[in-house]
Undergrad: 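My questions will all concern the structure given below.
Only a predicted model underlies this, so the values are computations on that prediction, with no experimental measurement involved.
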Amino acid sequence: MKIAFFSTKSYDREFFDRYVSTHEIIYFEAPLNAQTVNLAAGCEGICAFVNDKLNTAVLSALKKLGIQLVALRCAGFNNVNIESAKTNGITVVRVPAYSPYAVAEHALALILTLNRKTHKAYNRVREGNFSLDRLTGFDLHGKTVGVIGTGKIGEVFCGIMQGFGCNVLAFDLMANPTLVAKGVNYLPLIELLEQSDIISLHCPLTEQTRYIINEHSISMMKEGVMLINTSRGALIDTSDAIDGLKAGKIGYLGLDVYEQEEKLFFNDLSENIIQDDIIMRLMSFPNVLVTAHQGFFTEEALSQIAQVTLTNIDAFVAGAVLENKVV
């Protein structure tokens, strides 16, 4: 199958070239949207990532170009208009799990960095400043960690935090029996928000979870709570989070995702004037740490993403059962 590969980075090419054998991949650095969709002309399928636009207009255009398959090289599919894909008869597959350890461990990295201020200490020491002033942290041991969403990543994260001696609370539509057996206590969301010293988001973005962190939910949290998001940007109402930071309700904020990240993340904008005033305001806080959607970025995860994506394409071409089919 000839595949148009959008939003290509050097690491995408490296890992897909390592594992591809029977398919022809045409790499495009451009993201997929209404202006770039015609790049897929002459192909039978496309490969898309988290910030590629697969709305009604794009899917209709893909159908006219003869595209039969959309292979997402990510777990989330909130950027795909599912009903439009059905209407146009386009099959959508994804990578439901690659390395849950990669994302869960990155959430821990955000927690430890915000808490012990290692990023600030590193910069100080490089400038010859060996002072410990304003670097005070706290013991993770004994703290209460609330985990919203306990799928594969959330499950791994719970285990990591239990390893630090934390009391782990969880909220999900269905309790994970493995976690219950390990002592994770499932509570209603309100009770989790009220009791947690650290709250980490590991749920998908749906209509029910959009802005699950907002002015109302923030008001229920402990004073000085640490909030971590390595899942999807729109789980947090960013303006409300800024208000929470200004009021001191949120004591620490760690983000690997951002609602408007498609205009920023995965690009080098170091010589540009960034027009997004909200993220610039966020980054002005000394207790906010932003990374550019790198939670998945490990050797193991990138290998798994390439292998599963290519296996999905193989299965589609062979007419086999599509285990990772979205629609």
Undergrad: With rounding to the nearest 0.5 angstrom, report the CG to CG distance, Leu54 to Asp52.
TA: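 One gets 6.5 Å once the value is rounded to the nearest 0.5 Å.
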
Undergrad: Between the main-chain N or O of Thr136 and the side-chain N or O of Lys117, is there a donor-acceptor pair closer than 3.5 Å?
TA: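 Here the side-chain-to-backbone pair exists.
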
Undergrad: As an exercise, state the distance from NE2 of His293 to CG of Leu264, rounded to the nearest 0.5 Å.
TA: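 So the gap between those two atoms works out to 13.5 Å.
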
Undergrad: Has the side chain of Asp172 got a donor or acceptor atom that lies under 3.5 Å from a matching backbone atom of Ala175?
TA: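 Checked: no pair found.
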
Undergrad: Is there a donor-acceptor contact under 3.5 Å from the side chain of Thr298 to the main chain of Ala102?
TA: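 Not at all, since once roles are kept as given, no pair shorter than 3.5 Å links the two residues.
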
Undergrad: Using only atom types and a distance under 3.5 Å, with no angle test, would you say the side chain of Thr36 pairs donor to acceptor with the backbone of Pro31?
TA: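 Such a contact is found between Thr36 side chain and Pro31 backbone.
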
Undergrad: Ion pair present between Arg73 and Asp12, side-chain N to carboxylate O less than 4.0 angstrom?
TA: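 Looking at Arg73 and Asp12, the cut-off is met.
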
Undergrad: Would you check if Leu193 and Leu189 make a side-chain contact, meaning some heavy-atom pair closer than 4.5 Å?
TA: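 In contact.
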
Undergrad: If you round to the nearest 0.5 Å, how far is CG of Asn214 from OG1 of Thr238?
TA: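 Going from OG1 on Thr238 over to CG on Asn214, the span is 11.5 Å.
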
Undergrad: How far apart are the closest heavy atoms of Ser200 and Ala107, and which atoms are they?
TA: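 Scanning both residues completely, I find the closest heavy atoms to be OG-CB, 4.2 Å.
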
Undergrad: Are there more than 12 heavy atoms of other residues, nucleotides or ligands under 6.0 Å from atom CD of Glu323?
TA: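 Counting neighbours around CD of Glu323, 12 or fewer heavy atoms of other residues, nucleotides or ligands fall under 6.0 Å, so no.
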
Undergrad: Kindly give the heavy-atom pair with the smallest separation between Leu235 and Pro204, and that separation in Å.
TA: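 Smallest interatomic distance, heavy atoms only, reads CD2-O, 3.8 Å.
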
Undergrad: Can you confirm whether Ile190 is buried at CD1, in the sense that more than 12 heavy atoms of other residues, nucleotides or ligands lie under 6.0 Å from that atom?
TA: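 Not buried by this count: 12 neighbours or fewer within 6.0 Å.
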
Undergrad: Can you name the closest pair of heavy atoms from Arg232 and Val257 and give their distance?
TA: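 Looking at all heavy atoms of both residues, the closest pair is C-CG2, 3.5 Å.
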
Undergrad: Between Asp268 and Ser270, do the side chains contain a donor N or O and an acceptor N or O under 3.5 Å apart?
TA: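 Yes.
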
Undergrad: Less than 4.5 Å apart, any side-chain heavy atom of Glu29 and any of Arg13?
TA: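 Not in contact.
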
Undergrad: Quick check: do Asn287 and Leu253 have side-chain heavy atoms less than 4.5 Å from each other?
TA: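 Asn287 does not reach Leu253 side chain to side chain.
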
Undergrad: Let's go through Asp240 and His216 carefully: what are the C-alpha distance in whole Å and the side-chain angles of both, what is the deciding distance for side-chain hydrogen bond (donor to acceptor under 3.5 Å, both in side chains) to 0.1 Å, and is it a yes or a no?
TA: CA-CA 9 Å; Asp240 289 350; His216 181 62; over 6 Å; no

Undergrad: Verify side chain to side chain contact (heavy atoms under 4.5 Å, CB included) between Val180 and Val184, making sure each step is shown before the conclusion.
TA: CA-CA 5 Å; Val180 173; Val184 172; over 6 Å; no

Undergrad: Measure from the side-chain N and O atoms of Gln304 to the backbone N and O of Val95, and report whether any donor-acceptor pair falls under 3.5 Å.
TA: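 No, the answer is negative, given that no donor and acceptor are paired below the 3.5 Å cut-off.
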
Undergrad: How close do Asn324 and Pro96 get, heavy atom to heavy atom, and via which atoms?
TA: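 Heavy-atom minimum between the residues: OD1-CG, 3.2 Å.
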
Undergrad: Quickly, which of Asn88, Thr56, Thr87, Asn55 forms a side chain to side chain donor-acceptor pair (under 3.5 Å) with Asn81? Name it, please.
TA: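 That would be Thr56.
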
Undergrad: Any side-chain heavy atom of Glu259 within less than 4.5 Å of one from Ser239?
TA: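 Heavy-atom side-chain distance check fails, nothing below 4.5 Å.
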
Undergrad: Do Val290 and Leu114 land in one hydrophobic cluster if side-chain heavy atoms of ILVMFWY residues count as linked below 4.5 Å?
TA: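 Different clusters.
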
Undergrad: Tell me, with the steps shown, if Phe157 and His202 meet side chain to side chain contact (heavy atoms under 4.5 Å, CB included).
TA: CA-CA 9 Å; Phe157 179 76; His202 297 284; 3.6 Å; yes

Undergrad: Among all residues two or more places apart in sequence or in another chain, which pass the ring-ring contact (aromatic ring centres under 6.0 Å, His included) test with Tyr211?
TA: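 Per chain and number, Tyr211 pairs via ring-ring contact (aromatic ring centres under 6.0 Å, His included) with no residue.
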
Undergrad: Which distance, rounded to the nearest 0.5 Å, do you find between the CD1 of Ile218 and the CG of Leu227?
TA: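 CG of Leu227 is found 7.0 Å from CD1 of Ile218.
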
Undergrad: Between atom CD1 of Ile242 and atom CD1 of Ile279, what is the distance when rounded to the nearest 0.5 Å?
TA: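 Taking CD1 in Ile242 and CD1 in Ile279, the distance rounds to 9.5 Å.
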
Undergrad: Dump the intermediate steps for side-chain hydrogen bond (donor to acceptor under 3.5 Å, both in side chains) on Asn176 and Thr150, then the final yes or no.
TA: CA-CA 7 Å; Asn176 183 326; Thr150 53; 5.1 Å; no

Undergrad: Using modelled atom types only, decide if a donor and an acceptor are shared between the side chain of Asn78 and the backbone of Leu205 within a distance under 3.5 Å.
TA: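 Not a single qualifying donor-acceptor pair exists.
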
Undergrad: Give a yes or no on this: more than 12 heavy atoms of other residues, nucleotides or ligands lie within 6.0 Å of atom NZ of Lys263.
TA: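 No, NZ of Lys263 has 12 or fewer neighbouring heavy atoms, counting only those of other groups under 6.0 Å.
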
Undergrad: So do Ile67 and Glu44 actually touch side chain to side chain, heavy atoms under 4.5 Å?
TA: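 No, their side chains stay 4.5 Å or more apart.
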
Undergrad: Return yes when atom CD of Glu215 has more than 12 non-hydrogen atoms of other residues, nucleotides or ligands closer than 6.0 Å, and no otherwise.
TA: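 No, CD of Glu215 has 12 or fewer neighbouring heavy atoms, counting only those of other groups under 6.0 Å.
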
Undergrad: Report the C-alpha distance between Leu289 and His119 in whole Å, list the side-chain angles of each, state the deciding distance to 0.1 Å, and finish with yes or no for side chain to side chain contact (heavy atoms under 4.5 Å, CB included).
TA: CA-CA 9 Å; Leu289 179 61; His119 55 317; 4.2 Å; yes

Undergrad: For the residue pair Ala301 and Ser99, what are the closest heavy atoms and their distance?
TA: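 Minimum heavy-atom separation between Ala301 and Ser99: CB-CB, 3.8 Å.
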
Undergrad: Are the side chains of Phe266 and Lys9 in touch, meaning some heavy atoms are under 4.5 Å apart?
TA: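 Result yes, sub-4.5 Å side-chain heavy-atom pair found.
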
Undergrad: Which pair of non-hydrogen atoms, one from Ala121 and one from Leu135, has the smallest distance, and what is that distance?
TA: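 Ala121 and Leu135 have their closest heavy atoms at CB-CD1, 4.1 Å.
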
Undergrad: Below 4.5 Å, heavy atoms only, C-beta onward: do Phe15 and Arg18 meet side chain to side chain?
TA: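 In contact.
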
Undergrad: Out of the candidates Phe28, Phe49, Phe16, only one should pair with Phe5 under the ring pair (Phe, Tyr, Trp, His ring centres under 6.0 Å) rule; please name it.
TA: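 Going through the options one by one, the only one that passes is Phe16.
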
Undergrad: For Phe297, what residues pass the ring-ring contact (aromatic ring centres under 6.0 Å, His included) criterion, not counting sequence neighbours?
TA: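 Applying ring-ring contact (aromatic ring centres under 6.0 Å, His included) to Phe297 gives Tyr11.
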
Undergrad: More than 12 heavy atoms of other residues, nucleotides or ligands under 6.0 Å from CZ of Arg116: yes or no?
TA: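 Check fails, neighbour count at 12 or below.
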
Undergrad: Going hydrophobic residue to hydrophobic residue with side-chain gaps under 4.5 angstrom, can you get from Met283 over to Leu110?
TA: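 Looking at the clustering, Leu110 is in a separate group from Met283.
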
Undergrad: Under a 4.0 Å threshold between the charged nitrogen and the carboxylate oxygen, would Lys152 count as salt-bridged to Glu155?
TA: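 Between Lys152 and Glu155 there is no salt bridge, as every charged N stays at least 4.0 Å from the carboxylate O atoms.
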
Undergrad: Is the backbone N or O of Thr209 less than 3.5 Å from a side-chain atom of Thr206, with the two atoms forming a donor-acceptor pair by type?
TA: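 Pair found, side chain donor or acceptor close to backbone of Thr209.
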
Undergrad: Give a yes or no on whether Lys143 atom NZ has more than 12 heavy-atom contacts from other residues, nucleotides or ligands under 6.0 Å away.
TA: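 Count over threshold, so yes.
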
Undergrad: Can you see whether Asn229 engages Tyr258 through a side-chain donor-acceptor pair at a distance of less than 3.5 angstrom?
TA: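 Absent: no donor and acceptor within the cut-off.
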
Undergrad: What orientation do Tyr98 and Phe296 show, parallel under 30°, tilted 30 to 60°, or perpendicular over 60°?
TA: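 Rings of Tyr98 and Phe296: perpendicular, as their planes differ by over 60°.
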
Undergrad: For the NZ atom of Lys325 and the CZ atom of Arg94, what is their distance to the nearest 0.5 Å?
TA: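 CZ of Arg94 is found 13.5 Å from NZ of Lys325.
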
Undergrad: Using only atom types and a distance under 3.5 Å, with no angle test, would you say the side chain of His23 pairs donor to acceptor with the backbone of Lys2?
TA: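 Such a contact is absent between His23 side chain and Lys2 backbone.
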
Undergrad: State, with a plain yes or no, whether a side-chain heavy atom of Val145 is found less than 4.5 Å away from one of Phe164.
TA: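 They are not in contact (no side-chain heavy atoms under 4.5 Å apart), so the answer is no.
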
Undergrad: Is it true that a side-chain atom of Asn272 and a backbone atom of Ile274 form a donor plus acceptor pair closer than 3.5 Å?
TA: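 Judged by distance alone, no pair lies under 3.5 Å.
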
Undergrad: Salt-bridged, Lys222 to Asp197, with N to O below 4.0 Å?
TA: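 Answer for the salt bridge query: yes.
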
Undergrad: Quick one: do Gln294 and His106 satisfy side chain to side chain contact (heavy atoms under 4.5 Å, CB included)? Show the steps, please.
TA: CA-CA 8 Å; Gln294 72 179 79; His106 191 70; 3.4 Å; yes

